[in-house]
Amino acid sequence: ATDGRYSFDGLEPAKYYTVAPLAWDAGLAPCHRVYSPLQGAVTDADFFANGAATHRLAGTVITTDGRAVSGLAIRVSGDCSRDTTTDNTGTFAFTGLLAGGDYVIEPAPSRLYDFTPAGLSLHGLSSSQTALQFVAAPKLRAITGTAAAARGVVLANVKLTLSGTV
């Protein structure tokens, strides 16, 4: 609305809702309001442009051999919580984070990779940080089994081969 008012109507009580500014760079505080669960009508869910300084957190996710990891969910939590996804160059960014805040950035759990570090903690954010990096190491798997005859008798000294991308 042009007068700054907003309304989300028709919400079911006892459900969980988060209201957040769409434009994070607007410097609005708080960065979100959580209603868990919504008990009744809320008429004071206001956001204020308080002129507070904001900062940017950005970086990349690469594999151990330097390739970009795209499409990976990244979360920042703490004084503000947001989600984003790495682009095709492995880059992620969070903007409009309030100065002085405490934040943790973590890649989403993956069945394909382990991340180093598992998370980054930033306390009392005093400036933008744009060279953050996570390294994704492939989770190694094994193929195991038993060579046996039809009746379950183990066959000793059987040699097997493995082919494929090694």
Side-chain angles (χ1 to χ4, degrees), residues 1-140:
T2 58
D3 65 357
R5 296 174 191 261
Y6 72 91
S7 178
F8 297 101
D9 299 318
L11 302 177
E12 294 182 39
K15 301 280 180 153
Y16 296 80
Y17 300 98
T18 300
V19 179
L22 187 58
W24 296 328
D25 292 332
L28 296 175
C31 65
H32 61 271
R33 291 185 175 275
V34 177
Y35 302 95
S36 58
L38 182 64
Q39 298 296 321
V42 177
T43 59
D44 63 349
D46 300 328
F47 294 88
F48 299 96
N50 62 5
T54 62
H55 297 298
R56 180 175 192 257
L57 298 178
T60 56
V61 182
I62 60 170
T63 61
T64 51
D65 60 358
R67 290 179 291 123
V69 178
S70 63
L72 179 70
I74 305 286
R75 170 171 270 273
V76 63
S77 59
D79 288 352
C80 286
S81 297
R82 298 188 186 129
D83 297 303
T84 193
T85 304
T86 56
D87 66 14
N88 62 351
T89 66
T91 301
F92 64 89
F94 297 100
T95 58
L97 298 173
L98 295 174
D102 295 331
Y103 302 99
V104 175
I105 300 176
E106 299 172 298
S110 168
R111 59 183 183 81
L112 300 177
Y113 299 108
D114 288 318
F115 298 99
T116 303
L120 296 167
S121 296
L122 303 154
H123 300 286
L125 187 63
S126 60
S127 64
S128 291
Q129 306 290 315
T130 58
L132 304 173
Q133 187 174 70
F134 293 97
V135 176
K139 289 184 177 180
L140 300 179

Mind checking whether Pro30 and Phe47 have side chains closer than 4.5 Å, heavy atoms only?
yes
Check side chain to side chain contact (heavy atoms under 4.5 Å, CB included) between Pro37 and all other residues, then give those that pass, not counting sequence neighbours.
Tyr16, Gln39
Measuring only between side-chain heavy atoms, which start at C-beta, is Val104 closer than 4.5 Å to Ser121?
yes
Mind checking the CG-CG spacing from Leu122 to Leu132? Nearest 0.5 Å is all I need.
6.0 Å
Gap between atom CG of Asp114 and atom CG of Leu140 - 0.5 Å precision
8.5 Å
Shortest non-hydrogen pair, Tyr35 vs Val42, comes out as OH-CG1, 3.7 Å
NZ/Lys15: more than 12 non-hydrogen atoms of other groups inside 6.0 Å
no
For Glu106 and Gly119 the tightest heavy-atom approach is CG-CA, 4.0 Å
Please lay out, stage by stage, how Thr89 and Thr91 fare under the test side chain to side chain donor-acceptor pair (under 3.5 Å).
CA-CA 5 Å; Thr89 66; Thr91 301; 2.9 Å; yes
Given the rule in the side-chain contact (heavy atoms from CB on, under 4.5 Å) test, do Glu12 and Tyr17 qualify, once you have shown the distances and angles that lead to the verdict?
CA-CA 10 Å; Glu12 294 182 39; Tyr17 300 98; 3.9 Å; yes
Side-chain donor/acceptor of Ser128 to backbone N/O of Arg56, under 3.5 Å
yes
When you look at CZ of Arg33, are more than 12 heavy atoms from neighbouring residues, nucleotides or ligands closer to it than 6.0 Å?
yes
Does any part of the side chain of Phe134, heavy atoms only, come nearer than 4.5 Å to the side chain of Thr86, both counted from C-beta?
no
Is the shortest heavy-atom distance from the side chain of Val69 to the side chain of Phe92 under 4.5 Å?
no
Just verifying a value: how many Å separate Thr84 OG1 and Arg75 CZ, rounded to the nearest 0.5 Å?
11.5 Å
Asp79 CG to Leu98 CG distance, which is reported to the nearest 0.5 Å:
7.5 Å
Look only at the side chain of Tyr113 and the backbone of Thr63, and say whether a donor-acceptor pair between them is shorter than 3.5 Å.
no
Between Ile74 and Val61, is any pair of side-chain heavy atoms under 4.5 Å apart?
yes
Under 3.5 Å, is there a donor-acceptor pair between the side chain of Thr54 and the main chain of Leu97?
no
Is a side-chain donor or acceptor of Arg111 paired with a backbone partner of Lys139 at a separation under 3.5 angstrom?
no
Sequence neighbours excluded, which residues qualify as side-chain hydrogen bond (donor to acceptor under 3.5 Å, both in side chains) partners of Thr85?
none
Working to the nearest 0.5 angstrom, can you tell me the gap between Gln133 CD and Thr60 OG1?
4.0 Å
